[in-house]
Every structure is written in C-alpha cells, then in structure tokens.
Amino acid sequence: MTAAENVCYTLINVPMDSEPPSEISLKNDLEKGDVKLKTEALKKVIIMILNGEKLPGLLMTIIRFVLPLQDHTIKKLLLVFWEIVPKTTPDGRLLQEMILVCDAYRKDLQHPNEFIRGSTLRFLCKLKEAELLEPLMPAIRACLEHRHSYVRRNAVLAIYTIYRNFEHLIPDAPELIHDFLVNEKDASCKRNAFMMLIHADQDRALDYLSTCIDQVQTFGDILQLVIVELIYKVCHANPSERARFIRCIYNLLQSSSPAVKYEAAGTLVTLSSAPTAIKAAAQCYIDLIIKESDNNVKLIVLDRLIELKEHPSHERVLQDLVMDILRVLSTPDLEVRKKTLQLALDLVSSRNVEELVIVLKKEVIKTNNVTEHEDTDKYRQLLVRTLHSCSVRFPDMAANVIPVLMEFLSDNNEAAAADVLEFVREAIQRFENLRPLIVEKMLEVFHAIKSVKIYRGALWILGEYCSTKEDIQSVMTEVRRSLGEIPIVESEIKKEAGELKPEEEVSVGPAQKLVTEMGTYATQSALSSSRPAKKEEDRPPLRGFLLDGDFFVAASLATTLTKIALRYVSLVQEKKKQNSFNAEAMLLMATILHLGKSSLPKKPITDDDVDRISLCLKVLSECSPLMNDIFNKECRQSLSHMLSAKLEEEKLSQKKESEKRNVTIQPDDPISFMQLTAKNEMSSKEDQFQLSLLAAMGNTQRKEAADPLASKLNKVTQLTGFSDPVYAEAYVHVNQYDIVLDVLVVNQTSDTLQNCTLELATLGDLKLVEKPSPLTLAPHDFANIKANVKVASTENGIIFGNVVYDVSGAASDRNCVVLSDIHIDIMDYIQPASCTDAEFRQMWAEFEWENKVTVNTNIIDLNEYLQHILKSTNMKCLTPEKALSGYCGFMAANLYARSIFGEDALANVSIEKPIHLGPEAPVTGHIRIRAKSQVRGLPPSPFRPVYQALPNIYRLFTVLSPAVLP
C-alpha cells in the first residue's frame, strides 16, 4: 500500500509560520525534559511526521522515555503518534521495537482508568497490522465485561473492526457480540453491538430483533435508528419479509425522537405504496415540520413531501391532507411558507378548494393586523398569488376571494397591491358575472389607493368595464373627488395666497417655565406663529400625484374619461346630458394640461403626456365611430389575447410537468410480480441508505450523457509534458462546495523517486483543505494523489503548484517539476432557474452593476445564436417560445440563472440580423448582464466581473464572441 492510499484518521492543525525543530533538540527534550516539555516535543514530532519527515531515530527514545509516563495528555498524544508513525521496514516486516509498544497497549487495556481503556480501544480500530493485534485479543475480549459503558461500547467497535479486517483473529465475533447484546442494558452499547451484527451477521441481528420486536418503542433513539436501517436492508433484499416488520415501522412513527420518525416514514414509503402507509408517512412528515423549530429541518422534510407528491398514485392520498399541510403556514419563515403554498396549490382539487380558500383568506386578513415587516409584505404577496391561481383554476371561488383581496389595493406595499390588481384585471375579464361586484368594490376602495401605479391600473379597469349609466356617473364623481377643486391652478394660487396672509400675524405672550421629567427647568418661547402647517396629506390623492409631477397618471385618466364619455353617449339619448358629460370630461383634461404647463408641479408635464391628453380631447370633440371602436373594443380584445396566451402557456407547462410525472406503460412491457422476482433482481433496485451516504460524501453518480467516459475525459487536465521526468494529469470533480483533484503521477525515469510531494496553491476564493502526503515511486511506477479544495464563492479560481522529489542515491538538491495551472470552471456552480416577469423586472431595477457585451459571431441564425448562449452560459430563457417564434429580423430575450450559493444572474439578449447585408450576414447586437454588485478583489477589467454569480465575463463569453475580447 502506497503512502497516498493510507487512510488518515486524525487531522491536526499545523502552524505554518514556525521553523521545524532539529531532531537533536527534540531528542534532548524527550529524554531530559519535564512532562510539559515532553508534551510539546511530542506534538512537534507528530506534526513533522505528518509533513513527511521520517525521524526513525526518535522511535526508541519515545518508547524508553515517554511511553512509561502515566500523564493522560501524553497518553492521548501517544495514540496519535502510534497511528501515524511507520510501523514496518521498507520490505514490509514489522519493526522489532513495536513488540514493546504492543506490551504498552496491553497494559493500557487493563488500566484501572476507563477513559484510557476506551481511548486505547478506539485507537485499535485504526490499526492495520494483524501482528500487533493478535496478542491483544484476550484483553479486548475482557473489556466487554468492564463495569463502565464507555469501555464496553468501544470494545464492541474494536471487535467489529478487527473482525472485518482480520476475521481469523476473532472468528466467533458475531456469536460473542450476540450474547453480549442479549445481556446488555446500556443503549449506546446495544446500538454498537446491533450495528455490528447488521453488517457482520444479519441473521443473528434478525433473530435478536424478533425476540424483542414488541419492545422496540421502549428502546433509545440511537438503537431505534439502527433497527430502521436493518428493516430497510432486509426488506430491500428480501421483499417477502415486509409483512413481518412493517408493523414495527408503523410503531416507530410514534417515536419521541424526530430523527427516528423521519427515517421510519422514509422507510415506510419505500416498503409499501398502500394508501394507509403513504398517509401515515405524510402525516408523520407534517407533524415533524410543525413541531421542529429548525427551518432547515422543515425545508428538508417539505422536500420529502414534495417527492411523495411527484408519484401519481400518492398524489390523491396527499390531496386529503391539504388542510394538515396548511398548518405549516404558522411557521414565520418565508421560504417554508413559499414551499408549503406551492405544495398546497399543486394538491388542490375540487374537493378541497373551498376549505383551502377559507384558510388562505384568514391568513391574508392576519397579515393586515400584523406589524409591518418585510417578510409580512412578501407573505401577503404569496397568499394573493395563490388565491389568484385557485380562482383561475376554480372560477366558482372567485366571488369569495375578490371582496377580501380588493381591500389590499389601498395597501402601503405596492408589490402586494400590484398582485391584487393583476388578479382583479384577469378576473373581471374572464368572469362576466362578477363584473358588477368588482366595479362596486373598486369604487369603494378607489379614494383610499396610495400608490400612483395602482391608481393608474384602477383607472384603466374602471374605464374599461363600467357599462351602466350609474357606474359611469360614479366613476366621474370619484375622479372629481380625487382631483379636488378645479380649475387646479387657480385654486392652488388662491390657497397659497390665503396661507401667506396669516404668516405675518405673530402674537407675543408671557414666557412660561416648565418642569421637565428630570426635574430641571425648561423655558417655552413666548414667540408663536399662528400659521398652520402645510400638510401635503390633506390634498386629494390624484391632485397630489399631479402636483408631484407624475403626469403619466393624467394620461391614463384622459383615456379613462374618453372611454366612459364615449360609452355614456351611446347609453344616454338626451343631447343635453351627452354634451354636459363630455364638457365635464374635457374640462378636467384641460385643467390638467394647464397645470402641467404652469410652474406649480415639481416636474413639468412631458410632451408624450401632452400629446395623449390632446388626442383624447380631439376624440371627444369629434366622437367618430372609428375612435369609439378603438377605445371601447380594441383595448379589451388586446387584454383578452394576452390572457389567453398566458393561460395557454401555463397549460403547456403543466402538461409538460404531468408528462414527466406520469409513468407510461407500453402494451408490450413485461409485468413484474414481486413474489416471483429473484433476490438478485430485487437487489438491483437503488438502496436509499447507500444513496444518501453517497450524496453526503459527494460521490453520487450523475446521469451522464450518452457516452459517460467522454464527458469524464473532458475534465482531465494535463499538468506536465510527456518528456518531463514526472508526468502528471488531474481529473477535476466539482461537488457543490468541494473540488476533488484526482492527480495521476507517473515516474518516467529509471530511478526511485523518494518523498515525491504534490505542492499546491490556490488563487481566488479557493482553499486547500490538507497537504497531500509524500510518497515513494519505483522506476516507471505510478500513483494517484487526491487533494480537496473548498469553494467559498462562485468565482473562476486557479490551482497551481509543482511536484518535488528526491532521487534515490543522488546527492543533489530536491528536483522540481512545475505544473500547468488548473482553471476551475464556474459553469459547474451555475444552475438554470426560473422567476416571474415581475420578479425579473424588480431584480433588474435593483441590481446596480451592469456589463454590456457586443455580439461578434459567425452564426447567422437568431434562434441558433440564442440556443448557443443558453448552452454556453447554463442559463434559462424566461421569454416564452411563442414570443420567440416566427422571423422578423430581431430578437429580445431574458435569461436567468442562480448559483449554488443563492446568487442571481440576469441577462438580456438583444440581437438582430442586418438584412441589408444579405442572407449570410452574421448576427449582431448586445448582451447586457446585471448583478447585485461588482465582485471586489479582482483585477479591473471590463470582462472580469459579470455579477456575483458569474464574476468572470472573460471566461463566460469567450465562446460567444471571441473577436470582441482583448
């Protein structure tokens, strides 16, 4: 076994700033120093051996002068020393000195102190030399009967490890541990013994479990967890055993330990697909989510519930538990609530939608009574969106939902009010029977709306859907009320003049002495002004918007007034009333135009708004049938088309999701009967415990492309040349926050290379976890060295270094081969993600850093170029396929991705094909990338920081536009 293959059990922090001491000084300290000095010297020896030094001369010194000491710290350090020190000669034989060490082990195994005994037993688990272990077997067996549980449980672990590695040393271990288990009372000892039987002799473990299966609920949680694992493994290998143990799993669902309940629920789902089993497991998951305080636990268990829902046969069972799932909404964490609402929405059906809507309405009302908080606003948005989706899928619910939600149009949080407005707009278009109710509620809350954006939307809805004479009159009344006294300019000037007059009226009264809370005197000024403070809030809302310079709302108002005036003309036959209403509408527009041209508003009216209001005035003065059709029919048809396209897109995405979930069975597919299935066929199914262990270790086998070898070979980096004395190449495996470098080192010389060491350093947010151990390479031999690197952020990192070695028998200095740099690809951290258009626009507005890349490519097709970008940047296109279909010579698309660190990446692609240059002309245009902030600590370069998620634009767009890069 080479040094690279040795397993390191103990990791010790090494101070890098100190000089290594000499062997002579260490020997002196170990021989003549006191206990404290010997302790420090022993620590230095351990560190030097870990760094590759041999120090053979110190072995006998430590045996003579340190091993006999009874100090507990020394004994702990000695266990580490004996673990790492070379115990064999170069030809593989055990060193003679180790016989003395073996005798010291035996004495420690009989030591009266239980801690020393237990620590020595733990140390023996790490020994790989059978010659050292053989004399110690009687002492290890005797430790099984020690009075202290710490010694007994470590004795079980030692026996298990020795039995696994060297079965001939203790062939009767399973029988010995079974007898020990039957008589043992301590929970930790029983757990270790039972775990050994599971892996060493499963039949004995099953025999023991059969004798105490009715008492499993009384066991400790650590033993219950091991029992769950055994039942899963047995039933996985032999399905006929399920009936024997499934009742035990049901009982463990009632365990007091959350970990046991979680594992039992997961095992039950894999063992049985019966509705009762699925319901019991789901109920257990829901109870765990509600009772556990840790949000991470809640999210993990919620993911298990979502996995259950993905199975078509389980979905109907979970639909009956929707109300229980909604109990999770009592958790204040926003992410938990978001997942819960999405799960409930996926499970809602006509049977439970009414109850779901009642609960959500209560939650919405609760958010109105809670003190304003950022998460409260976001939670209210989530609730509004969920109710919106319910109403679209189940139109009968809309009438119950709308009155409650419309109260939030006057909410201070513009985002929540915008969601409500979007919902109301869709509902009033789709459900004709609800239009009178919506218009009535809209008129009630109209005067209380605080946001100008919401005000514009409400004006549009009222102008579009007020169809009766009474409603039209009500809209005009509300507009007049919101606008205040007109003409606006004259009334404002009068108001100012009225307020200036009392400014000069100043009264002088006697000074008063007041006593403050602290007992000191404070004098109140005798000079008081009688001028009332000017309150902006006293103004009507629409008047306030206009005086603040927001005249876009005036353009919306002009359109609304035009629509209702044209509709009023068609409803009322009396010319006098028609002219009166038109004149009132035109007067309002004219007074707004006058205000815009005056100096009263904070910002003057824009030319666009002037043109719009002037156009509306002209339409009302002429009242042509063509304009009537455009204002009262075409606008609504445009909305109808947009909603239809949106609905069609949603249905398409739902269909894709359902197709993914539905397991299609072809007519000629073979039918598998569990009773007739051979054991070796059953074992081919995936073992969940093994999969979870592999996932935790980062060894999950991802589904590769058609040729897995090809994709793996793509990640091999050549580090040295073929003519170098040492050839090296590395396979880079990225697993979330860890990077594993598997380096193949080949000795291409005819000499033995000693102390061959891979020295690595990193650039960027990368950190080398441990220094690779040195090794010896025979002539033309090779070895694999593994190095672990931690990733701190999504950044293009560089790993560089060299291979240093000594040539056996040569007197020259150490030789060095410099390695090529290894560039860590950021694409391994980026995952395509999706978000709504509103969220994309909000992030685009908030993110302060932007970079613009000019497209320079040989690709001549717009769609082909977009697909090229998506493949190269690992982003997702948010623009629907329907919007990208067809050919018009230009294209605009939004792209989005998230890193594994939760950083957002936004991009906007605006490209065109210059037709005047011919059909073979390449695509031109720009790509704009936005991020939260520019990454600090990187060299200044226009292509360096993309955003936090993709901080290296130089790497990212090399494949997209190579000619544009410097």
Side-chain angles (χ1 to χ4, degrees), residues 334-335 338-339 341-342 378 381-382 385 389 415 418-419 422 642 645-646 649-650 652-654 656-657 660 734 736 793-796 825-855 862-885 890-911 923 925-935 943-961:
L334 186 67
E335 194 63 33
K338 187 176 182 179
K339 277 197 174 184
L341 285 172
Q342 187 57 52
K378 290 179 180 176
Q381 279 181 262
L382 287 174
R385 288 174 187 172
S389 301
D419 282 333
E422 187 181 339
M642 188 197 78
K646 189 178 174 186
E649 190 185 328
E650 286 174 4
L652 193 66
S653 63
Q654 285 174 6
K656 283 181 181 175
E657 285 295 321
K660 281 182 190 174
V734 178
Q736 288 203 340
S793 74
T794 318
E795 181 182 324
N796 267 7
D825 191 357
I826 54 173
M827 288 301 118
D828 290 315
Y829 313 137
I830 304 303
Q831 298 165 346
S834 57
C835 64
T836 64
D837 287 343
E839 288 168 343
F840 185 91
R841 282 195 295 271
Q842 186 178 353
M843 285 190 284
W844 189 268
E846 288 175 359
F847 289 176
E848 59 192 31
W849 184 86
E850 178 181 313
N851 202 351
K852 189 174 182 181
V853 182
T854 303
V855 172
L862 296 175
N863 269 309
E864 185 186 342
Y865 185 72
L866 179 63
Q867 295 306 317
H868 180 57
I869 290 174
L870 295 176
K871 184 181 176 184
S872 305
T873 60
N874 212 17
M875 299 181 88
K876 181 177 179 179
C877 181
L878 300 180
T879 308
E881 287 182 24
K882 207 164 188 180
L884 299 173
S885 60
F890 65 90
M891 177 187 287
N894 291 332
L895 315 182
Y896 179 59
R898 279 173 73 83
S899 74
I900 59 171
F901 301 97
E903 300 155 327
D904 296 302
L906 308 179
N908 173 260
V909 179
S910 300
I911 51 178
V923 171
H926 293 90
I927 300 169
R928 295 166 67 198
I929 304 101
R930 283 211 176 178
K932 210 164 192 176
S933 61
Q934 184 170 336
V935 178
F943 298 106
R944 177 66 66 178
V946 180
Y947 29 64
Q948 278 186 319
L950 300 176
N952 196 328
I953 189 73
Y954 194 97
R955 161 67 185 86
L956 180 64
F957 284 97
T958 300
V959 289
L960 304 183
S961 47

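Bear in mind the structure is a predicted one, so any value in this text is a computation, not a measurement. The analysis underlying the following values was restricted to heavy atoms, covering all of them including side chains, and did not include hydrogens, waters or symmetry mates. The chain is numbered in sequence order, starting from 1.
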Do the non-hydrogen side-chain atoms of Gln867 and Lys871 ever get within less than 4.5 Å of each other?
no
Interatomic distance, OG@Ser834 vs NZ@Lys876, rounded to 0.5 Å, equals 4.0 Å
Calculate, to the nearest 0.5 Å, the distance between atoms CG and CE belonging to Asp904 and Met843 respectively.
5.0 Å
Specify the closest pair of heavy atoms between Met875 and Pro832, including all atoms of both residues, with the distance to one decimal.
C-CB, 4.2 Å
If we check side-chain contact (heavy atoms from CB on, under 4.5 Å) with Asn894, which of these qualifies: Asn908, Val909, Asp837?
Asn908
Working to the nearest 0.5 angstrom, can you tell me the gap between Phe847 CZ and Leu906 CG?
5.0 Å
At what distance, to the nearest 0.5 angstrom, does OG of Ser389 lie from CD of Gln342?
8.0 Å
For Trp844, is there any backbone N or O sitting under 3.5 Å from a side-chain donor or acceptor partner on Arg930?
yes
CG/Leu382 to CG/Leu334 distance, rounded to the nearest 0.5 angstrom?
5.5 Å
Inter-residue atom distance Ile911.CD1 - Ile869.CD1, 0.5 Å rounding
6.0 Å
Closest non-hydrogen atom pair, Leu866 against Ala893:
CD1-CB, 4.1 Å
Inspect the surroundings of CZ in Phe890 and state if more than 12 heavy atoms from other residues, nucleotides or ligands are less than 6.0 Å away.
no
Does the side chain of Leu895 reach to within under 4.5 Å of the side chain of Leu870, using non-hydrogen atoms?
yes
Please examine the side chains of Ile929 and Val853, heavy atoms only from C-beta on, and report whether any two atoms are closer than 4.5 Å.
yes
Describe, in one word, how the ring planes of His868 and Tyr865 are oriented to each other, choosing from parallel (under 30°), tilted (30 to 60°) and perpendicular (over 60°).
tilted
Which atom names give the shortest non-hydrogen contact between Val923 and Val855, and what distance separates them?
O-CG1, 3.8 Å
Arg898 vs Gln831 side-chain heavy atoms within contact, under 4.5 Å:
no
For Asn874 and Ala897, work out which heavy atoms get closest and say how close.
O-CB, 4.0 Å
Does a salt bridge link Arg385 with Glu839, judged by any charged N lying under 4.0 Å from a carboxylate O?
yes
